[in-house]
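Everything quoted here is computed from the prediction, not taken from an experiment.
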Amino acid sequence: YATCKRTLPRRVREAQMKRFCKAQAIQRRLEEIEVTFRELEQQGIKLEKFLRDEGGSPADQKTQWMNQLLYLVQKKNSLMSEESDLMIAVQELKLEEQQWQLDQKLRWYMEKEEALKTAEDCVAEKETLAQLLDVVNKRNALIQMQEEKRLSEL
């Protein structure tokens, strides 16, 4: 029990740091995606201008521009899908943090002796449990949504 008391806070800090690092990595990737979106937009605008303005261009040049434009659209769709996955991951991290906080709160109420609990404590414990179940259900819904998305992409 003493060993558990010493290692539990360390594990909690490690889990929080892991979530924090993951959130930072997600944020960096979202910023990279935003920059790439802007670059793709600019390239797409140039290609559209070429296609509209160059009436006397050879057909194979127009075909090449059209293929490049389609590639840009495909790349943008791929980035949008990745961005969607990252946004789901952000939601999941938030829910994971909420679940951890509610779990700690619930443990505090449950460790308190029944004889020492006030009516407010009992109500708060039930509310905390209901909130915890709600968060778990939301996390489950996110996981199901990710799985359905993965299966639809296959």
Side-chain angles (χ1 to χ4, degrees), residues 4-111 123-154:
C4 183
K5 266 193 160 179
R6 284 192 311 260
T7 60
L8 188 61
R10 181 175 44 99
R11 287 185 180 169
V12 167
R13 282 192 309 275
E14 288 172 358
Q16 285 176 324
M17 277 303 293
K18 187 177 178 180
R19 283 192 298 270
F20 179 73
C21 290
K22 189 174 179 181
Q24 281 186 322
I26 289 171
Q27 185 62 39
R28 274 194 305 275
R29 183 61 187 142
L30 286 171
E31 289 169 2
E32 290 170 2
I33 288 173
E34 187 176 328
V35 169
T36 307
F37 270 149
R38 279 191 240 121
E39 291 171 358
L40 291 174
E41 284 282 327
Q42 294 303 316
Q43 291 174 7
I45 290 170
K46 287 179 187 176
L47 286 171
E48 284 183 33
K49 284 183 181 179
F50 287 150
L51 285 169
R52 288 191 180 132
D53 296 342
E54 300 297 321
S57 296
D60 52 327
Q61 179 67 41
K62 286 183 180 181
T63 303
Q64 184 180 9
W65 287 336
M66 187 61 86
N67 287 339
Q68 287 176 348
L69 190 61
L70 291 173
Y71 172 76
L72 291 178
V73 169
Q74 182 183 18
K75 180 101 170 146
K76 186 175 178 182
N77 287 340
S78 171
L79 286 173
M80 287 176 69
S81 176
E82 183 181 355
E83 183 181 42
S84 171
D85 290 343
L86 290 172
M87 295 307 288
I88 290 172
V90 166
Q91 273 300 115
E92 196 170 352
L93 282 174
K94 285 179 183 178
L95 290 173
E96 190 176 317
E97 180 67 24
Q98 273 184 324
Q99 182 177 346
W100 179 82
Q101 289 172 355
L102 290 169
D103 188 48
Q104 293 303 309
K105 190 175 178 182
L106 187 62
R107 284 176 194 262
W108 184 82
Y109 284 121
M110 293 177 84
E111 286 176 359
V123 168
E125 182 179 357
K126 288 178 182 175
E127 286 176 3
T128 303
L129 181 59
Q131 290 172 349
L132 182 61
L133 289 173
D134 185 49
V135 167
V136 168
N137 288 334
K138 286 178 182 178
R139 284 186 70 192
N140 188 40
L142 277 178
I143 291 169
Q144 285 179 341
M145 187 170 53
Q146 282 179 316
E147 184 64 18
E148 288 172 6
K149 184 179 179 198
R150 185 187 70 78
L151 290 174
S152 70
E153 289 175 354
L154 291 176

The test is salt bridge (charged side-chain N to carboxylate O under 4.0 Å, His left out); show your working for Arg28 and Glu32 and say whether it passes.
CA-CA 6 Å; Arg28 274 194 305 275; Glu32 290 170 2; 5.8 Å; no

Looking at [Y], is its backbone amide N or carbonyl O close enough to the side chain of [X] to form a donor-acceptor pair, meaning the two atoms are under 3.5 Å apart?
X: Thr63; Y: Ala59; value: yes
X: Asn137; Y: Leu133; value: yes
X: Ser81; Y: Asn77; value: no

Nearest heavy-atom approach of Ile26 to Ala89 is CD1-CB, 3.6 Å

If every non-hydrogen atom of Leu51 is compared with every non-hydrogen atom of Lys62, which pair is closest and at what distance?
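Scanning both residues, the minimum pair turns out to be CD2-O, 3.7 Å.
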
Please report the C-alpha distance between Glu83 and Arg29 in whole Å, then the side-chain angles of each, then the deciding distance to 0.1 Å, and finally whether the salt bridge (charged side-chain N to carboxylate O under 4.0 Å, His left out) criterion is met.
CA-CA 9 Å; Glu83 183 181 42; Arg29 183 61 187 142; over 6 Å; no

Heavy-atom distance under 4.5 Å between the side chains of [X] and [Y], does that happen here?
X: Cys21; Y: Met17; result: yes
X: Gln68; Y: Tyr71; result: no
X: Met145; Y: Ile88; result: yes
X: Ile33; Y: Leu86; result: yes
X: Leu132; Y: Thr128; result: no
X: Val12; Y: Gln16; result: yes

Rounded distance (nearest 0.5 Å) linking atom [atom1] of [X] with atom [atom2] of [Y]:
X: Leu70; Y: Lys75; atom1: CG; atom2: NZ; value: 15.5 Å
X: Phe50; Y: Ile45; atom1: CZ; atom2: CD1; value: 12.5 Å
X: Leu142; Y: Arg139; atom1: CG; atom2: CZ; value: 9.0 Å
X: Glu92; Y: Gln99; atom1: CD; atom2: CD; value: 10.0 Å
X: Lys138; Y: Gln91; atom1: NZ; atom2: CD; value: 8.5 Å
X: Leu47; Y: Gln42; atom1: CG; atom2: CD; value: 11.5 Å

Run the side-chain contact (heavy atoms from CB on, under 4.5 Å) test on Leu40 and Leu79 for me, step by step, so that the C-alpha distance in whole Å, both residues' side-chain angles and the decisive distance to 0.1 Å come before the verdict.
CA-CA 10 Å; Leu40 291 174; Leu79 286 173; 3.7 Å; yes

I'd like to know whether NZ of Lys149 has more than 12 heavy-atom contacts from other residues, nucleotides or ligands below 6.0 angstrom.
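Count over threshold, so yes.
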
With a cut-off of 6.0 Å (strictly less than), are more than 12 heavy atoms of other residues, nucleotides or ligands near CD of Gln74?
no

Regarding Arg150 and Glu147, does a basic nitrogen lie under 4.0 Å from an acidic carboxylate oxygen?
yes

Thinking salt bridges, do Arg38 and Glu34 make one under a 4.0 Å N-O criterion?
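Yes, this pair counts.
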
Apply salt bridge (charged side-chain N to carboxylate O under 4.0 Å, His left out) to Glu48 and Arg52, showing your working.
CA-CA 6 Å; Glu48 284 183 33; Arg52 288 191 180 132; 3.8 Å; yes

Would you check, one step at a time, whether the test salt bridge (charged side-chain N to carboxylate O under 4.0 Å, His left out) holds for Lys105 with Glu125?
CA-CA 8 Å; Lys105 190 175 178 182; Glu125 182 179 357; over 6 Å; no

Determine, step by step, whether Glu39 and Gln43 satisfy the side-chain hydrogen bond (donor to acceptor under 3.5 Å, both in side chains) criterion, reporting the C-alpha distance in whole Å, the side-chain angles of both residues, the deciding distance to 0.1 Å, and the verdict.
CA-CA 6 Å; Glu39 291 171 358; Gln43 291 174 7; 5.6 Å; no

Would you check, one step at a time, whether the test side-chain contact (heavy atoms from CB on, under 4.5 Å) holds for Leu95 with Val136?
CA-CA 8 Å; Leu95 290 173; Val136 168; over 6 Å; no

Within the 3.5 Å criterion, strictly below it, is a donor on Glu148 or Gln144 matched to an acceptor on the partner's side chain?
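Their side chains do not contain a donor-acceptor pair, so the 3.5 Å distance test is not met.
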
